[in-house]
Amino acid sequence: MKLKKQDIYKALETITVPGEGQNMVESGALKNVVTFGDEVIVDITISNPSLQAKKKTEVEIMKTIHDRVYEKAKIKVNVKVDAPAKPASNVIKGKSIPGIQNIVAVASGKGGVGKSTVTANLAVTLSKMGFKVGILDADIYGPSVPIMFDVENERPLAVNIDGKSKMKPIENYGVKVLSIGFFTQPNQAVVWRGPMAAKALNQMIFDAAWGELDFLLIDLPPGTGDIHLSIMQSLPITGAVVVSTPQNVALADAKKGVAMFQQDSISVPVLGIVENMAYFTPEELPENKYYIFGKEGAKNLAEDLQVPFLGQLPLVQSIREAGDIGRPAALQTATVLEQAFDTLTKNVVQEVVRRNDSLPPTEAIKITTMAGCSAVK
């Protein structure tokens with residue numbers, strides 16, 4: 001049977017375009033029909049980008065032609081999606097926090113990858129470069145920043161700021177620090193539900209006399225949970241740094257960490273990925289590199305996810321020793337570690353500058369679709 005174009009057009013007038021309310025001919029969605037004997041090719045453009053809409057359109061066209069024109073017709077449907085341009089991330093300008101220029105969240109999908117160590121050394125390197133820096137230790141259940149800065153026995157004092165009582169952060173190595181570890185005993189477990197933890201963080205953020213800061217680094221707990229949402233609901237995060245080790249087990253979780261920040265409802269720019277414990281170099285063989293946890297796994301992940309790769313940090317015994325005695329390894333001079341942390345920090349600063357040049361300030365997110373995740377006020 002020889003098919004006719006006018007019969008095809010008439011049949012397709014009975015189909016409504018997904019999400020538009022008009023039939024395919026009236027709406028202009030039907031772009032072209034080609035017939036050759038019992039074969040027909042239909043070119044159509046829709047604005048709904050979902051796979052379900054594309055499949056529904058294709059099935060409806062084939063069924064309608066079979067039912068209304070010729071049941072044995074050989075049909076090919078070319079569905080093109082022409083969705084309206086999606087606005088760039090963070091197009092809504094968020095309100096700035098007085099005195100704090102940039103808020104950088106340091107996260108990891110998995111625990112034990114050295115996130116707090118990276119945060120501490122990033123902070124002291126920024127301070128060495130002349131920036132005013134603070135750290136908020138948001139790892140409520142495992143605060144380690146006070147130990148790394150040798151201030152675990154200190155307690156924040158109350159100061160009067162504009163008639164209000166504020167907490168004065170503890171300062172060492174040019175870095176201001178606040179942590180839940182200052183308010184608990186060393187052997188005391190923090191057994192809190194999410195709302196209580198969020199309230200404590202809220203106090204350390206807004207009831208603190210941070211003063212003027214170029215960078216406030218937030219050491220987030222591992223994973224993608226309630227604390228992360230509370231922080232991002234409370235603060236306009238400039239960007240996120242994700243820390244991972246090279247092995248597949250850690251990379252799988254780091255990928256989820258990146259995905260959390262990139263969700264439409266969160267939309268925090270990912271400044272890049274750091275590969276910690278990238279290789280081991282013995283002190284007696286400084287030219288040798290042993291890839292204990294795999295080679296360049298986090299670097300390859302950054303390429304796959306199309307986010308910046310911020311640098312590699314070696315697995316060196318003195319990094320651990322420096323953290324344990326409360327003097328971050330980046331404070332060393334003329335060492336491989338100082339060079340590695342300098343490179344990492346310069347890359348972070350560069351990405352922050354690039355992000356601020358290309359995007360307006362991030363807004364504190366408003367999550368309204370998740371039960372139990374009310375915004376922190």
Glu60 CD to Ile44 CD1 distance, which is reported to the nearest 0.5 Å: 9.5 Å
Value rounded to 0.5 Å, distance of CE in Met24 from CD in Glu13: 12.0 Å
Side-chain donor-acceptor pair present, Asn32, Asn78, cut-off under 3.5 Å: no
Geometric class of the Phe131/Phe215 ring pair [parallel <30°, tilted 30-60°, perpendicular >60°]: perpendicular
Pairs involving residues 306-317, ordered by first then second residue, that meet salt bridge (charged side-chain N to carboxylate O under 4.0 Å, His left out) (sequence neighbours left out): none
Asn288 versus Tyr290, side-chain donor and acceptor atoms under 3.5 Å: yes
Partner of Asn276 by side-chain contact (heavy atoms from CB on, under 4.5 Å), out of Ile319, Leu344, Val113, Val243: Val243
Distance in Å, Glu321 CD paired with Arg327 CZ, rounded so as to fall on 0.5 Å steps: 14.0 Å
side-chain hydrogen bond (donor to acceptor under 3.5 Å, both in side chains) contacts in which one or both residues fall within residues 115-131, not counting sequence neighbours: Lys115-Asp219, Ser116-Ser144, Ser116-Asp219, Lys128-Glu338
Value rounded to 0.5 Å, distance of CG in Leu220 from CG in Leu136: 8.5 Å
Verify same cluster id: Leu251, Ile292 (apolar side-chain graph, 4.5 Å): no
Single-linkage hydrophobic cluster, 4.5 Å side-chain cutoff, Tyr9 and Val69 together: yes
Between NZ on residue Lys255 and CG on residue Leu301, distance to nearest 0.5 Å: 7.0 Å
Separation of Arg320 CZ from Ile325 CD1 (nearest 0.5 Å): 10.0 Å
Quiz item: cation-pi between Lys295 and Tyr291, 6.0 Å / 45°: yes
Glu284, CD: over 12 other non-hydrogen atoms inside 6.0 angstrom: yes
